[in-house]
Amino acid sequence: MKVVAVVQARSGSSRLPGKVMLEAGGKPLIGHMLDRIERAASLDGVVLATTVMAEDDELAAYVRGRGTPVFRGSVDDVLDRFYRAARWQGADVVVRLTGDCPLIDPAVIERVVAEIVGGGYDQVVTGPSFPEGFDAEAVTFAALETAWSRATLRSEREHVTVYLRDHAEEFRRKVLELPDDLSDVRIVVDVPEDLPVVEELLGRFAPGSLGVAEIAALRRSEPTLFAGNSGVVRNEGYAISLAADGPAAREQYPPRRLDVSEQLWSRIERIVPTGTQTLSKGPTQYVRGVAPVFLDRGSGASVWDVDGNEYLDYVMGLGAVTLGYCDPHVDAAVSAQLAKGMSFSLLNRLEVEVAESLVDAIPCAQAVRFGKNGSDVTAGAVRVARAATGRERIACCGYHGWQDWYIGTTTRDKGVPGCVKDLTHPFDFDDLDSLRAVLESYHGEFAAVIMEAIAIAEPSPGFLEGVRDLAHEHGAVLIFDEIVNGFRLAVGGAQEYFGVVPDLATFGKGMANGMPMAALVGRDEYMRELDEVFFSFTFGGEALSLAASQAALAIYAERDVIGHMARLGRLLLDGYNELATRHGVDGHTRCIGLPAHSAIQFDAVGDWDALTVKSLWQQEVLKRGILSIGVHNLSLAHTEADIERTLAAYDAALAVLAEAVAAGDLPDRLDGEPIRPVFKRW
């Protein structure tokens, strides 16, 4: 039988921030506590259970430096954090200790362990007669797992064994008491008044020499020693949690296990820089400890993570999955092609057939070249424009991939030569004067104007026509980046939707329903530059993705995919804004954009930036089974029932947001680190 002590500790105390790392007697208080715990011979191990918040990095580093394992998990779902730490250590019996008890008596730990091991109990706890600071309890892992799987109230999730106590009829439970009532003695560190008492005792007693008997003797001989902090309310945090167990807090949603996700993350972050191949899919884009890190499979509009949790997905492979996961027609086409081969030594007929289909579907397309990612083809378009004009400068608006020519305009510009950065000039969306100023600043030097024709918000009437005219007036090639808009606003993208046709355009994402496929298309006079411009790679004509694209194009031709996404998108867009108004938070958040592709905006609230506000909203919809980064990437597989489920989750999330704004405690409601940006534009 393996007995493990799990120490709950974090730095984010509201009453005494950073309390566990306060220095006393030459070391942090958590160090003194660990010294005493390690003297309990019945323990087979000790682990610190802290949070994923950056504020706990110092605590985690210190404890690891002592050689003690550290588990990091949810901020507010302490039961989940505690359970996962115990499971990680393979415990059969768990001793629960809290990090605000630096002078914990090893003899008390030994006693609760002896009782639970020898008495056949599910839980053994120290009763109220023990001094506050000598609290300990032991619980079997089986009982802990039962509580973890069943607890739903806030008080039950924020406090590890409340469920066991409140369902005492289901468990064998023993409460230990002392012959002398020492309940009025505080030797914890939870408020500033506690620290002098602990410092005085640290100066008098070596580790292992201060126990219940010594505390009782001191209270009799020096009652004033404990007077300074005697008026502090005991277990105030639990009282606050109980008060929060109102109707909204009693909403039932099953706790989501994320064990496998976290285990895989601990492996990948050691060997993969940033821990992810695609930054927008990484854990910085979600609230840590609430969101899964790894997905296992998808079907239709749903995905399942590696722990088996199901989510209704609005990320949809960053917008690439427009028909739904595992669309049977696309999968059949890929399977049939796989039986023939994937990559060949010469051309494949699919290169001809898919190119012809794109020429038929896209207004500007007279010729086609294939790539694998949006970055491939946008960089190719820029190179073609430079070749055609003999110029080097580029004016850009939107996001255009990871290549040097564009990413040098963002804060992720490390490694990009300065001479390359200097050639790209951003301008503002829906602002012709901004573009005019850029073009005139280096008159006659611009090869291209490249832009996303819609940046979620719809452009003002005449803006796109004005961009086209300004570009041509200055002798620049007009390029529309249609990676997102293609196969979503219209099959032919924004140029088809708005009726403004560019010289070149780039497509990707939805054209192959998630298979890696992109295309550079445009007017023949520019595309013929590719006879000499180098644009070539091994997998440019890879046949599986071409087969997927051919099947997807056929579905778009046969079914009203765009109309379906727009119709459901209108329900989401209008429904969200109605809910925001109803909850009184429409001044802080709104849904904007076109029905087929809308996004939820958040504003800063007081001292909380927009990403922190968004993080609370995202956390709450995740708890209700909605995977979202705040953009509605709909698909043919989404249904009206999905929209109803989503709006119900939005309703609950906005209620929580409204409560947080009113109470002024928004950050305190986050169960993990808030979302962080991938980059910012200079």
Side-chain angles (χ1 to χ4, degrees), residues 316-324 327 330 354-368 374 377-378 381 397-400 429-430 450-465 467-468 478-514 517-523 548-573 592-599 631-638:
M316 300 303 286
L318 300 179
V321 182
T322 51
L323 304 176
D327 178 86
V330 175
V354 175
E356 289 175 339
S357 295
L358 293 178
V359 168
D360 291 340
I362 299 169
C364 78
Q366 295 175 339
V368 179
V377 290
T378 52
C397 179
Y399 170 72
H400 305 294
F429 183 76
D430 215 18
I450 181 171
M451 68 176 300
E452 292 184 280
I454 176 170
I456 298 297
E458 190 171 358
S460 299
F463 173 67
L464 295 179
E465 292 86 350
V467 170
R468 177 195 61 202
L478 177 61
I479 306 168
F480 277 1
D481 182 337
E482 302 269 29
I483 301 300
V484 173
N485 295 322
F487 305 95
R488 189 166 289 281
L489 295 186
V491 173
Q495 59 189 276
E496 179 184 343
Y497 187 90
F498 292 110
V500 179
V501 181
D503 302 309
L504 297 171
T506 58
F507 286 77
K509 291 195 186 287
M511 70 182 296
N513 198 45
M517 188 72 192
L520 166 58
V521 305
R523 291 168 53 187
S549 185
Q550 186 176 57
L553 285 165
I555 293 171
Y556 273 96
E558 295 167 2
R559 301 187 61 180
D560 185 17
V561 179
I562 302 297
H564 176 81
M565 291 191 290
R567 182 171 59 83
L568 296 188
R570 171 57 67 188
L571 296 175
L572 279 178
L573 195 158
I592 65 168
L594 294 170
H597 193 228
S598 62
V631 177
H632 293 133
N633 288 325
L634 286 152
S635 73
L636 183 62
H638 284 89

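These numbers come from the heavy atoms of this one structure, side chains and all, not from hydrogens, waters or symmetry mates. Position 1 is the first residue of the sequence, and the numbers go up from there.
- Applying the side chain to side chain donor-acceptor pair (under 3.5 Å) rule to pairs touching residues 356-365 yields nothing, sequence neighbours excluded.
- In this structure a side-chain-to-backbone donor-acceptor pair under 3.5 Å is present from Q495 to C364.
- Across G508 and I483, no two heavy atoms sit closer than the pair N-CD1, 3.7 Å.
- Here the side chains of N633 and L318 are not in contact, with every heavy-atom distance at 4.5 Å or above.
- With hydrogens and angles ignored, the 3.5 Å screen pairs no side-chain donor or acceptor of E452 with any backbone N or O of F480.
- Using a 4.5 Å heavy-atom cutoff, the side chains of M451 and L464 are in contact.
- In this structure a side-chain-to-backbone donor-acceptor pair under 3.5 Å is missing from Y556 to V561.
- Remark: side-chain polar atoms of D503 are paired, donor with acceptor, to backbone N or O of L478 under 3.5 angstrom.
- Going from atom NE2 of H638 over to atom CG of L571 covers 13.0 Å, rounded to the nearest 0.5 Å.
- In terms of heavy atoms, L520 sits closest to A381 at CD1-CB, 3.7 Å.
- The two residues P363 and V501 have their closest heavy-atom pair at CB-CG2, 4.0 Å.
- N513 places a side-chain N or O within 3.5 Å of a backbone atom of L323 that can act as its donor or acceptor partner.
- Remark: side-chain polar atoms of H632 are not paired, donor with acceptor, to backbone N or O of P595 under 3.5 angstrom.
- To the nearest 0.5 Å, atoms NE2 (H400) and CD1 (I479) are separated by 9.0 Å.
- Taking both residues in full, the closest heavy atoms of M565 and L636 are given as CG-N, 4.4 Å, listed atom of the first, atom of the second, then distance.
- Side-chain atoms of F498 and E458, non-hydrogen and from C-beta on, do get closer than 4.5 Å to each other.
- Scored by the ring-ring contact (aromatic ring centres under 6.0 Å, His included) test, F429 finds F463 as partners (sequence neighbours excluded).
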What's the verdict on side-chain hydrogen bond (donor to acceptor under 3.5 Å, both in side chains) for D430 and S460, showing C-alpha distance, side-chain angles and the deciding distance? CA-CA 6 Å; D430 215 18; S460 299; 2.7 Å; yes
Starting from the C-alpha separation in whole Å, work towards a yes-or-no answer on side chain to side chain contact (heavy atoms under 4.5 Å, CB included) for I562 and L489. CA-CA 7 Å; I562 302 297; L489 295 186; over 6 Å; no
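- Although no hydrogens or angles enter the test, the distance criterion places no donor-acceptor pair under 3.5 Å between the side chain of H597 and the main chain of L594.
- Residue V321 comes nearest to R488 through the heavy atom pair O-NH2, 4.4 Å, listed as atom of the first residue, atom of the second, then distance.
- Residue G493 comes nearest to F507 through the heavy atom pair N-CE2, 4.1 Å, listed as atom of the first residue, atom of the second, then distance.
- Between T506 atom OG1 and N485 atom CG the span is 10.0 Å, to the nearest 0.5 Å.
- Qualifying side-chain contact (heavy atoms from CB on, under 4.5 Å) partners for S549, counting only residues two or more places apart in sequence or in other chains: V354, M511, A512, M517, L553.
- The shortest side-chain heavy-atom distance between S598 and L573 falls under the 4.5 Å cut-off.
- Counting heavy atoms from C-beta outward, I555 and V330 have side chains that approach closer than 4.5 Å.
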